[in-house]
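Every chain is numbered from 1 and lettered A, B, ... according to where its sequence line falls, protein lines coming before strand lines.
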Amino acid sequence: MSNATLPAGARDPGYPTERENYLTNSSGILSWVFTLDHKRIGMMYLIGVVSAFAIGGLLALAIRLHLLKPDGLLFTGAEGNNIYNQVFTLHGAIMVFLFIIPSIPAALGNFLVPVMLGAKDVGFPRLNLSSFYLWVFGALFFVSALFSSGLDTGWTFYTPYSTTTDTSVILATLGAFILGFSSIFTGLNFIVTINTMRPPGMTWFKMPLFLWATYATSIIQVLATPVLGITLLLLIAERTMHIGIFDPEFNGDPVTYQHFFWFYSHPAVYIMILPAFGIISELISVHSHKHIFGYRFIAYSSIAIALLGFLVWGHHMFTAGMSSLTTIVFSALTFTVSVPSAIKVFNWLATMYKGSISLTTPMCYAISFIFLFTIGGLTGLFLGTLATDLHLHDTYFVVAHFHYVMVGGTLIAFLGGVFHWWPKMVGKLYNETHGRIASLLVFLGFNGTFLPQFVLGSRGMPRRYATYDPEFAFLHQLSTFGALLLGVGLLYAFIVLMVSLAKGRRAPANPWGGVTLEWQCTSPPPYYNFERPPVVGDPYDFHNLEWDAENERYVMTEPERKLVPESTPDEVPAHAGGQK
Amino acid sequence: MFPAIESLAMTFPTLLADKNADFWFPIQGSSFAEEVDWVYDLILYISLAFFVPMMVFMVWCLFKYIKARGTKAESQLSHHTTLELTWSIGPSVLLVWMFVQGSISFLDMRSPPEGSYDIGLQAFKWGWTMDYGNGTFHPELHIVKDEPTKLSMRSTDVIHSVFIPAFRVKKDVVPGRYNYMWFQPTIASEQISDEQLAKLKKQNEGTAWDYDKVHTIETEDGEKEVQVTPEGYTFFDLYCAEYCGTNHSEMQTVVVVHETQADLDAWIKANSSRGEVSMEEWGELLYGRRGCSGCHSVDGSKLVGPSFKDVYGSQHGLTTGENQLVDENYVRESILAPKAKVVAGYQPVMPSYKGQLSDDDIASIIAYLKSISANASSQPAAAEAEPEAESAE
Ligand code: HEM
Ligand SMILES: [Cu+2]
C-alpha cells in the first residue's frame, strides 16, 4: 500500500492481517459454534435468515404459480385446497417469524451495533449466542410442523379455527413462542449495549440513526413480544384444555384473541420497518455524501413510531364488530402513525438535494425503497380510513399493501444494507454493474407482482383464495409473471454476492465514504473491532473525508478531534466505554 | 376515472369482475357504493398529489446531483426547522380530513334505518343459508331494490365474513354472537326469458349449475353476455372474506335484487315448500340448496364428508369403531345432531340443521338418498316413512 498520493494527515487503518481479522483469527467449526463474537453471531444469523427467506420465497412462487389459473394450477385434486392453504400459511409464517422480524435487527444489527457504537461487543455476549440458538430451535419447530401434519391457519392463528383444525398448531405456536424469546433477548441486549457501552464522546445525538432505529425497535421487542408469548400459550391451553377464553363453544370470545394477537403483531410491523428506516438513513446520507437532513426529527420520529405503534392494533379489526366508538378511535390513532413516517421520507429526499450522489448498488436499493415504501405508506391511508377499509379489508389490496411495506420496504432495505456493509463484513468488493442490474430486476419484478394486486383488491378479490372467479385471471397472471421476474432478480443478487467471495477485490476500510465508526476499522474488522479507541464525531459530517483515487477508497484527513465536544457536556454517559 | 386506462380495460374482457365495472371498482350496486368510491378517489388523488411530485423530485435529484466519486456535496445543510415543521403539520391537516370523511360514511354504514327488511344469515363451513322467515331457507340472498335491508348474521363454527363487493360492504360473522349489517341496493337484477333459460339449461344438462359461467344469449339488440342463477337472474357476488379452512375460496353465493317487494314475495313463496314436485326431486333440490353438495358428492368421490352414492342401506364404520347401518333414523340423526355419530376417517365438522329443515324436508332428502343408492331397495322401513311425513305437513 503506498501512501504517496494521500493528502497530508490522512488516516486509514489499511488492511487487516490474518490474525486480527475476525473471520480468520481462529478457525474450525467449533470456533463458530461457540463464538461469543457479535460479528460471527451476526454472520450466522445472516445465513440463517437468508435460508429461511429462500424457503419462504419458494413457497411464494408456488402460491403464485398455482394462481395462474382460476381453478388452480399446481395443487389440484381432492386435497388441492388444503395444500394451498398450508403453503400460504407457511409462506406467511416463515417470512414473518423467521425472516423479516430477525433479518435486520438480528443479522445486520448484531454485526453493526457494537461497531457503529465503537464498543468491543454487545453487553451480554452469551445471551447473544443463546438468542441465536433459540432462533435455530424455533425454526426447527416450524419445519417439523411442516413435516408432521402441516399448518393451515394462516400466520395469524385466528381462533376458533386454530383451536379446532387438526393440523400441527401446537408445534408451530411453540416455535413462535421460542422465537419470541430469541427476539426479546436480542432487544434486551441492544438496549443494554446502547445505554451503557458508548465510548466517551458518543452522546445520544452523536449516535448514527441506525442505532436510534435499533434502540426503538428493541423497546418494542422487549415490551410487545411477551404479549405474543402469553397469547400463544393461552391458545395452546384452549386447544388442549378448553379453558374457554377464545372458543365460543366453551363460552370464549374469538375477538379477544384478535385483540391479543394484534397487540403484539401490530407493533411487530414496526419491528420490521424501523430498522429499515435506520438503514435507509445511513445509505442515503453516505451515498449522497451529505449530512443527513433533519437528524433530530428522524431520531425522534423513530421513538414516536415505536410508542404510537402500540395504540393502533384495532385497525386490523374494523370489520369484526367492535363498537362504533372504538372503531373510530382506532382509525384516528392509526392516522397519527403516518405523520412520523412521512417526515422521514421528506428528510431523505432533502438529503439527496444538493448532495454528491453515487449511484452505487446500495443507493439503487435506497431509491427503490423510497419509491416502494411511499406507495406502501400511502395505500395504508385507504385502509386506515373506515369507509374504504370495509370494502378493502381481507382483499388483495391488503396483501399488496403489506408487501409494499414489508417486502418493498424491509426486504429492500435489508438488501441495500447487505450490499452496503458487505465489503465490511467479508472484506471483498462485488461487481457494481451486476449489483445494479440485479437491483433493477428486483424493483421491476416487485412492482409487477404487487401493483396488479391493488386493482384486484379494490375490484373485490378476497385474499387467501385457492381458486377464484375467472374474471380476475388476467390480473393474477400479471402478478405471477412479476413474481417470476422478482425471483430471478433476487437469485441474481445472491449470485453477485457469492461471486464476490471467490473473485472480488480486497475491500478498503472505507469504500463508500461513510463517517460512522464502522468505516474507521479495517474490512473485515479485527476481533475486537478497533485497534485504538475510535475518535467520535458527528456521524454525518463529511467535511474531512477525501477520495484517494489511486487506491479507490476514502480516507479521513483530520487526524485529531476533540474527544468530548463542549456543546453537550452533560450528555456524556455515566458509565462509558464498557469499562468494568 | 382514467379514461385511457378504462378503455384499455375494455379491451381485456377478462379484467371485468362484474359487468359494467370500471377499472378500479366493481359496479356500484348499493347506496353506499358511490360514497365509498368518492372517499377512495379523494384519498387516491391526495396520495397522487404527494407521490408524483416527490418521485419527480427524487429523479430530478438523481439527474442533477449524480457526481463523480470523490466530489464534495454542494451543501452540507443539516436541518431547517421551519421547513420541517411545515411538512410535518401541513399533511396532517389532510389526514384529518380523510379520517373525518371516512368516519362519517362509516357511521352511516353502521346504523340501519328503522324498519329495515330483516333477513337472517347463517354461515357455516363452507356455505350460506339465508332465513326468509316461516321456515323458508335458501343459499342465495334475495332482496328488494331501494329497500334498506338488514342481515342478522351468525356462524355455526368458525369466523366467516360476508363481503359483497358491488355493495362495498363487509362484516365478519363471529361464532358466539350476532353481527349485523345493512345496505340498500340500487340496481335490480335482470331476468332472462324463460326460453333463453330453457336453452341454457339444455346446454348444461347433466352438470351442476355454474354461476361463474358467462353465457351468450340473444336479445332484440344483438348478443349479450350474462352470468345467471339457475332461475335466470343476473346477480352480484357474495364472498366469504375471512379465511375459514379448506373450501374458503368456494364459499360464495349470489345476491339477487328484485324490482319490487311483490316480486320477492313471489320468489319466496315459490321456494318455501315442496308444492307439487315429488319427494326425490325436492330432496335433490335441498341437497344442492342447503349446502349438502359442498361436502358430500353423489358420484362416490370423497370430499369433506362421505359421498352419498350407494350409501343408503349400507354399513358405515364410525370413529368409535362400531358399525352403523345407514337407515332412516341414522340419516335423520346425522342431519339434526351431526356430531353424535361420525363416520371413521372424517372430521366432526358438519353443522346441525336442527330447526332449519321441516320433517317433510328431511323425509325428502331421505327419499333422494334412496333414489341414488343401489342398496336402498333392501330397506322396507322406507315405505312407511312417506305417509307419516306427509301427514306432518
Ligand atoms: C417473492 C416474493 C413474494 C411473493 C410473490 C409473495 C406472494 C404472496 C402471496 C400470493 C400471498 C398469499 C396471499 C393470500 O392468499 O392472501 C402472500 C402472503 C403473505 N406474504 Fe408474501 N410473497 C413474497 C414475499 C414475501 C415476503 C418477503 C414476506 C415477508 C416479509 C411476505 C409475507 C407475507 C405474509 C405475511 C403473507 C400473509 C400470509 C397469510 O395470509 O397468512 N411475503 N405472499
Ligand atoms: Cu368462510
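In this structure, A/K290 does not pair ionically with B/E74, as no charged nitrogen and carboxylate oxygen lie closer than 4.0 Å. Salt-bridge annotation for A/E546 and B/K72: present, with a side-chain N of the basic residue lying under 4.0 Å from a carboxylate O of the acidic one. Of the charged side-chain nitrogens involved, none lies within less than 4.0 Å of a carboxylate oxygen, so that A/D389 and B/K170 do not count as a salt-bridged pair.
Contact of A/E249 with chain B is not made at all, since no heavy-atom distance falls under 4.5 Å. Heavy atoms of B/L83 lying under 4.5 Å from chain A belong exclusively to its side chain. When heavy atoms are compared at a cutoff of 4.5 Å, B/P175 approaches chain A by way of both its backbone and its side chain. Only the side chain of B/M109 comes within less than 4.5 Å of a heavy atom in chain A; its backbone stays farther off. For a residue to count as touching a neighbouring chain, one of its non-hydrogen atoms must lie under 4.5 Å from one of that chain's; by this rule B/I164 does not touch chain A. Both the backbone and the side chain of A/I343 come within contact range of chain B, judged by heavy atoms closer than 4.5 Å. Only the side chain of A/F397 comes within contact range of chain B, with at least one heavy atom under 4.5 Å from a heavy atom of that chain. Proximity to chain A (any heavy atom under 4.5 Å) is shown, for B/E242, by both the backbone and the side chain. Only the side chain of A/D253 comes within contact range of chain B, judged by heavy atoms closer than 4.5 Å. No part of A/A342 comes within reach of chain B, as not one of its non-hydrogen atoms sits under 4.5 angstrom from that chain. In this structure, the portions of B/V39 lying under 4.5 Å from any heavy atom of chain A include both its backbone and its side chain. Proximity to chain A involves both the backbone and the side chain of B/M54, based on heavy atoms less than 4.5 angstrom apart. For A/S323, the part lying under 4.5 angstrom from a heavy atom of chain B is the backbone only. A/H287 does not touch chain B: none of its heavy atoms, backbone or side chain, sits under 4.5 Å away. There is no contact between B/K64 and chain A, counting heavy-atom distances below 4.5 Å. At a 4.5 Å heavy-atom cutoff, A/Q477 makes no contact with chain B through either its backbone or its side chain. For A/T379, no part sits under 4.5 Å from any heavy atom of chain B, backbone or side chain. There is no contact between A/T360 and chain B, counting heavy-atom distances below 4.5 Å. Using a 4.5 Å cut-off between heavy atoms, B/F50 touches chain A through its side chain atoms alone. Heavy atoms of A/I367 lying under 4.5 Å from chain B belong to its backbone as well as its side chain. Neither the backbone nor the side chain of A/T351 comes within contact range of chain B; no heavy atom of the residue lies under 4.5 Å from a heavy atom of that chain.
No donor-acceptor contact under 3.5 angstrom links the side chains of A/T385 and B/Q101, judged on distance only. B/Q76 and A/D541 share no donor-acceptor pair across their side chains, judged by distance under 3.5 Å alone. A/Y161 and B/D157 share no side-chain donor-acceptor pair at under 3.5 Å.
In this structure, B/Y243 has its ring center no closer than 6.0 Å to that of A/Y158. Aromatic ring centres of A/F318 and B/F106 lie farther apart than the 6.0 Å criterion allows.
Under the rule for a salt bridge (Lys or Arg N to Asp or Glu O under 4.0 Å), the partners of B/D37 that lie at least two apart in sequence or sit in another chain are B/R168.
Side-chain N or O atoms of A/Y554 include one that pairs as donor or acceptor with a backbone N or O of B/G70 at under 3.5 Å. Within the 3.5 Å criterion, the main-chain N or O of B/H248 finds no donor-acceptor partner in the side chain of A/N81.
Rounding to the nearest 0.5 Å gives a distance of 8.5 Å between OG1 of A/T388 and OH of B/Y40. In this structure, the separation between OG1 on B/T246 and CG on A/N82 is 3.5 Å, given to the nearest 0.5 Å. A distance of 11.0 Å separates OH of A/Y465 from CG of B/N247, quoted to the nearest 0.5 Å. To the nearest 0.5 angstrom, B/F99 atom CZ is 8.5 Å from A/L333 atom CG. Here A/Y468 contributes atom OH and B/D212 contributes atom CG; the two are 12.0 Å apart, rounded to the nearest 0.5 Å. How far OG of A/S358 is from CD1 of B/I66: 8.5 Å, rounded to the nearest 0.5 Å.
No side-chain heavy atom of A/P462 sits less than 4.5 Å from a side-chain heavy atom of B/C240. At least one side-chain heavy atom of A/I370 sits under 4.5 Å from a side-chain heavy atom of B/M55.
Identified under the side chain to side chain donor-acceptor pair (under 3.5 Å) test for residues 78-98 of chain B, with sequence neighbours left out: none.
Note: B/Y65 and A/Y353 have perpendicular aromatic rings, judged against thresholds of 30 and 60 degrees for the angle between ring planes.
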**OP:** Please step through ring-ring contact (aromatic ring centres under 6.0 Å, His included) for the pair B/F32 and A/H391, ending with a clear verdict.
**Re:** CA-CA 10 Å; B/F32 298 142; A/H391 177 57; over 10 Å; no
**OP:** With side chain to side chain donor-acceptor pair (under 3.5 Å) as the test, would you mind laying out the steps for B/T71 and A/S356 before giving the verdict?
**Re:** CA-CA 6 Å; B/T71 316; A/S356 164; 4.6 Å; no
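No other option in A/I83, A/L359, A/L381, A/I292 has as many heavy-atom pairs under 4.5 Å with chain B as A/L381. Across A/T165, A/L456, A/T395, A/V255, the residue that shares the most heavy-atom pairs under 4.5 angstrom with chain B is A/V255.
At most 12 heavy atoms of other shown residues, nucleotides or ligands fall within 6.0 angstrom of atom CD in B/E34.
Closest approach of A/L386 to B/S103, counting heavy atoms only: CD1-OG, 3.9 Å.
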